[in-house]
There are 2 protein chains.
Amino acid sequence: MAKDGTTRFALLGFLTWGPMSGYDIRKTVAQSLGNFWNESYGQIYPTLKTLEAEGLVTRTVQRASGRPDRHVHAITPAGRDALQSWLRRPAEPLKHRVEVLVKLLFGGVADRATLRSHVARFRDEQRALLASYARSEARLREESADAPDLPLWLLTVQCGQEVGRAYLAWCDRADAVIAALPEPDPALEAGESRGRNS
Amino acid sequence: MAKDGTTRFALLGFLTWGPMSGYDIRKTVAQSLGNFWNESYGQIYPTLKTLEAEGLVTRTVQRASGRPDRHVHAITPAGRDALQSWLRRPAEPLKHRVEVLVKLLFGGVADRATLRSHVARFRDEQRALLASYARSEARLREESADAPDLPLWLLTVQCGQEVGRAYLAWCDRADAVIAALPEPDPALEAGESRGRNS
DNA sequence: ATGAGCATGTAACTGGTTACATGATTTA
DNA sequence: TAAATCATGTAACCAGTTACATGCTCAT
């Protein structure tokens, strides 16, 4: 028990913004962190249950007519303490597994068109992310203009923006590299994987 | 069966560079992708076994005196086909979970010194990564100067460099934001988490 | 002698996603 | 009438890490 998983503490963190149901939390995560974090129900509901068992949150059931009951969770003083001591602990070093890089690394086996399409897709993805960051930023500045923590919240989208721009810059490099690549001898490549052992 | 996991295909990819044992693969991964990808034995050995069962690699045992046998794996034509069709499939959109951002997002609960230390640690981490990328790049240019795929391999480290620099830029922003943050009333904060309900 | 390197593998565990089951209410 | 939204939750699965077990050899 008392795992070190980030999810537990992320949930506690959201509950410092006010009491919420699991459903609420999911929506809030999607709106606030959405682009660089995610929590699924299969993760949220069980951990809320254990948090309750540990006395870090309380649960009060709001009966509603017609629709399912809302199980509203509120953080307890003990929960606040747990969150705070987690916040003081150093963060895990991040490890990014970038699949498209693996595809390029072995790109010698593929043709140039394929490589180009991978880069193109990746660029589109990053552009879409940047657009969504811009929307997040606008919404934050508008809806939370007076929140004292606004600068911190903006920091998270700004991180995404910085990284997204870096990926876009890399895409340009990648295009240049691929353009300069000699197309592998098609006969040879085909021979490797097909008719070889007829 | 025939899962879509990246690991399977990464292993196949490495085997296009030549026959290898699980042990070899691990070292190769650490040296080539090391900084942005990783495979553990607990992952490598079982997947090599299933790859063999599927006929995508062959295994030949090199008996050695004194030390354990080497199980050398070589990619088969079927393996090459599988790899190639994976390479043609689009990559999964990447999802980065940046724990330090979560810590900052709820930073309103922590004191400024803590936030600063998170950023400082993150900066150190990124600087170390950039240094290691630089070493990788140097080694690649030296040892594989004549490899036709060198530009593609360099692309992977360059991606890391681009992103690392972006994170560093963000660290500077973060420092500025934190410096401008009003220190939360300590009495109030302490009261929130401690004596509140005595 | 101590530890690093060689070399294989398994088992237990943590983390996370997806699909399923339920079912009323509102909106298109 | 189809769909999305509200709202809970479980079970099965996939991915990945860590720790363990084994045991010889070579360098310090």
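Note on naming: letters A, B, ... go to the chains in the order of the sequence lines (proteins, then strands), and numbering restarts at 1 for each one.
Rounded to whole Å, the distance from CD on A/Glu92 to C1' on D/dG16 is 14 Å. Per the geometry, OH belonging to B/Tyr23 stands 14 Å off P belonging to C/dG9, to the nearest Å. Protein atom NE2 of A/His71 is 13 Å distant from nucleotide atom C1' of D/dC6, rounded to whole Å. Here the C1' atom of nucleotide D/dT8 and the CG atom of A/Asp24 are 12 Å apart, to the nearest Å. The distance between atom CD1 of A/Ile44 and atom C1' of D/dT10, rounded to the nearest whole Å, is 15 Å. One can place CH2 of B/Trp37 at 7 Å from P of D/dG16, the figure rounded to the nearest angstrom. Whole-Å rounding puts the B/Glu99 CD to C/dT14 C1' distance at 14 Å. Atom P of nucleotide C/dG5 and atom NZ of B/Lys27 are separated by 10 Å, given to the nearest angstrom.
Side-chain polar atoms of B/Glu39 and B/Trp37 form a donor-acceptor pair below 3.5 angstrom.
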List, one per line, each side-chain donor-acceptor pair under 3.5 Å for residues 113-120 of chain A, sequence neighbours excluded.
unit_1	atom_1	unit_2	atom_2	d
A/Thr114	OG1	A/Asp111	OD1	2.8
A/Ser117	OG	A/Thr114	O	2.8
A/His118	NE2	B/Leu87	O	2.5

What pairs of donor and acceptor atoms, side-chain ones from residues 157-168 of chain A against any protein atom, are under 3.5 angstrom apart with sequence neighbours left out?
unit_1	atom_1	unit_2	atom_2	d
A/Gln158	OE1	B/Arg173	NH1	3.3
A/Gln161	NE2	A/Glu137	OE1	3.1
A/Glu162	OE1	B/Arg173	NE	3.1

For residues 67-79 of chain B, dump all side-chain donor-acceptor pairs below 3.5 Å to protein atoms at least two apart in sequence or in another chain.
unit_1	atom_1	unit_2	atom_2	d
B/Arg70	NE	B/Gln62	OE1	3.4
B/Arg70	NH1	B/Asp24	OD1	3.4
B/Arg70	NH1	B/Asp24	OD2	3.3
B/Arg70	NH2	B/Asp24	OD2	2.8
B/His71	ND1	B/Arg59	NH1	3.1
B/His73	ND1	B/Met20	O	3.4
B/His73	ND1	B/His71	O	3.0
B/His73	NE2	B/Arg59	NE	3.3
B/His73	NE2	B/Arg59	NH2	3.3
B/Thr76	OG1	B/Gly55	O	2.8
B/Thr76	OG1	B/Leu56	O	3.1
B/Thr76	OG1	B/Ala78	N	3.4
B/Thr76	OG1	B/Gly79	N	3.0

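Side-chain atoms of B/Lys103 come within 3.5 Å of backbone N or O of A/Arg89 as a donor-acceptor pair. Checked by atom type and distance alone, the side chain of B/Lys49 never pairs as donor or acceptor with a backbone atom of B/Ile44 at under 3.5 Å. Side-chain atoms of A/Trp170 come within 3.5 Å of backbone atoms of B/Leu155 as a donor-acceptor pair (strictly under, hydrogens ignored).
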Output one line per pair: protein atom, nucleotide atom from nucleotides 17-20 of chain C, and distance, for all N/O pairs under 3.5 Å.
unit_1	atom_1	unit_2	atom_2	d
C/dT17	OP1	A/Asn38	ND2	3.4
C/dT17	OP2	A/Ser40	OG	3.2

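When ring centroids are compared, B/Phe9 and A/Phe106 stay outside the 6.0 Å threshold.
Nucleic acid contact class of A/Thr7 (heavy atoms, under 4.0 Å, all strands): sugar-phosphate only. Residue B/Arg59 is in sugar-phosphate contact alone, with no base atom involved, counting any heavy-atom pair closer than 4.0 Å across all strands shown.
Regarding contacts with the backbone of D/dT8, a side-chain N or O of A/Ser21 is found under 4.0 angstrom from either OP1 or OP2. Taking 4.0 angstrom as the limit, B/Lys49 places none of its side-chain polar atoms (N or O) nearer than this to OP1 or OP2 of C/dT8.
Shown here are the ring-ring contact (aromatic ring centres under 6.0 Å, His included) partners of B/Trp153, two or more places apart in sequence or in another chain: B/Trp17.
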Original post:
Just by protein heavy atoms under 4.0 Å, how would nucleotides 21-28 of chain D read 5' to 3' in B, S and -?
Top reply: --BSS---

